[in-house]
Amino acid sequence: DAGVIQSPRHEVTEMGQEVTLRCKPISGHNSLFWYRQTMMRGLELLIYFNNNVPIDDSGMPEDRFSAKMPNASFSTLKIQPSEPRDSAVYFCASSPGTGPNEQYFGPGTRLTVT
Amino acid sequence: SQQGEEDPQALSIQEGENATMNCSYKTSINNLQWYRQNSGRGLVHLILIRSNEREKHSGRLRVTLDTSKKSSSLLITASRAADTASYFCATDYNTDKLIFGTGTRLQVFP
């Protein structure tokens with residue numbers, strides 16, 4: 001298996017622009033997680049899905065952030081409009097299902113908003 | 001915040017030495033996991049220890065869990081330069097959600 005796939009790997013955009021990050025989880029995994037990592041705040045869970053349904057979005061910073069999972073093999077995280085403080089590395093992770101499952105992380109998308 | 005705290009924040013050792021990292025958390029947990037992150041990469045799962053276990057081994061890794069003290073430690077024996085990375089503990093509280101600690105940056109010098 002190719003592992004969790006994220007695109008793009010790097011994104012540089014100007015403040016106010018819309019940004020869409022993409023994730024393909026490992027086939028057969030039922031849970032998908034979006035994280036943000038910064039030096040100041042560490043690794044933060046933004047939202048997670050189970051069987052394509054959003055379960056907990058309490059970590060989404062504000063209404064500018066939205067996430068979707070239209071099917072079991074694809075998810076997006078959208079920021080509109082983007083701001084410089086959104087600059088971070090965004091990780092997608094998947095896990096096989098409920099219970100004490102390990103999470104498999106993608107390589108991340110490094111977002112820079114100027 | 002439920003976030004775990006890791007100690008030390010940074011650790012530098014020579015190859016062949018042992019490295020010990022500690023993690024403390026705030027509320028009762030189901031399981032605790034340890035992950036490694038190489039620079040510029042995603043996190044990689046190392047080991048999971050359940051709340052009713054006290055010690056677990058995997059290769060050169062040894063994890064202990066003390067639920068009475070709400071703490072865990074990760075020991076890497078006979079370290080190698082390739083072990084240079086950040087190490088994170090992560091706890092779950094009866095859901096799929098993991099809460100990650102602040103991480104320990106380990107540098108192993110050849």
Side-chain angles (χ1 to χ4, degrees), chain A residues 2-7 9-10 21 23-26 29-60 69 88-111, chain B residues 1-10 21 23-26 28-53 56 58 61 63 65 67 72 74 85-105:
Chain A
V4 176
I5 298 172
Q6 290 188 248
S7 65
R9 292 295 310 277
H10 302 272
L21 311 181
C23 175
K24 178 178 167 53
I26 292 172
H29 281 193
N30 295 328
S31 297
L32 183 140
F33 306 82
W34 281 102
Y35 292 91
R36 177 172 68 178
Q37 187 177 39
T38 61
M39 289 294 292
M40 291 297 295
R41 300 175 68 91
L43 193 65
E44 302 173 279
L45 176 66
L46 301 177
I47 184 171
Y48 82 92
F49 296 82
N50 187 254
N51 292 323
N52 313 337
V53 176
I55 302 300
D56 186 339
D57 65 355
S58 60
M60 296 286 262
M69 192 164 186
V89 181
Y90 290 81
F91 288 104
C92 175
S94 67
S95 72
T98 58
N101 290 296
E102 62 188 77
Q103 293 185 13
Y104 296 77
F105 279 73
T109 295
R110 181 172 294 277
L111 173 66
Chain B
S1 167
Q2 294 175 319
Q3 188 177 47
E5 293 279 333
E6 285 168 77
D7 165 54
Q9 289 189 342
M21 288 157 265
C23 166
S24 60
Y25 54 91
K26 295 182 180 177
S28 297
I29 60 171
N30 265 3
N31 307 283
L32 186 143
Q33 303 182 34
W34 284 90
Y35 286 78
R36 183 188 72 227
Q37 184 179 31
N38 289 85
S39 181
R41 302 283 188 93
L43 280 73
V44 175
H45 180 266
L46 295 176
I47 196 165
L48 179 151
I49 186 165
R50 297 175 190 272
S51 59
N52 61 356
E53 296 176 311
K56 205 158 182 181
S58 176
L61 305 181
V63 169
L65 179 64
T67 52
S72 174
L74 170 67
S86 292
Y87 292 82
F88 295 86
C89 66
T91 48
D92 74 73
Y93 301 86
N94 212 23
T95 69
D96 293 334
K97 192 168 153 175
L98 289 180
I99 307 296
F100 282 85
T102 50
T104 292
R105 289 192 315 279

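Residue numbering restarts at 1 for every chain, and letters A, B, ... go by the order of the sequence lines.
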Exercise. Where does Q37(A) contact chain B at under 4.5 Å (heavy atoms): side chain, backbone, both or neither?
Worked result: side chain
For this session: Please round to the nearest 0.5 Å and tell me the distance separating atom CG of N31(B) and atom CD of E102(A).
Result: 12.0 Å
Exercise. In this structure, are over 12 heavy atoms from other groups packed under 6.0 Å from Q9(B) atom CD?
Worked result: no
Exercise. Looking just at side-chain N and O atoms, do Q103(A) and Q33(B) make a donor-acceptor pair shorter than 3.5 Å?
Worked result: no
Seminar exercise, completed: CZ of R41(A) to OG1 of T102(B), rounded to nearest 0.5 Å, is 14.0 Å
Exercise. Measuring heavy-atom distances to chain B, does Y35(A) have an atom under 4.5 Å in its side chain, in its backbone, in both, or in neither?
Worked result: side chain
Exercise. Tell me, do K97(B) and S58(A) make a side-chain contact under 4.5 Å, heavy atoms counted?
Worked result: yes
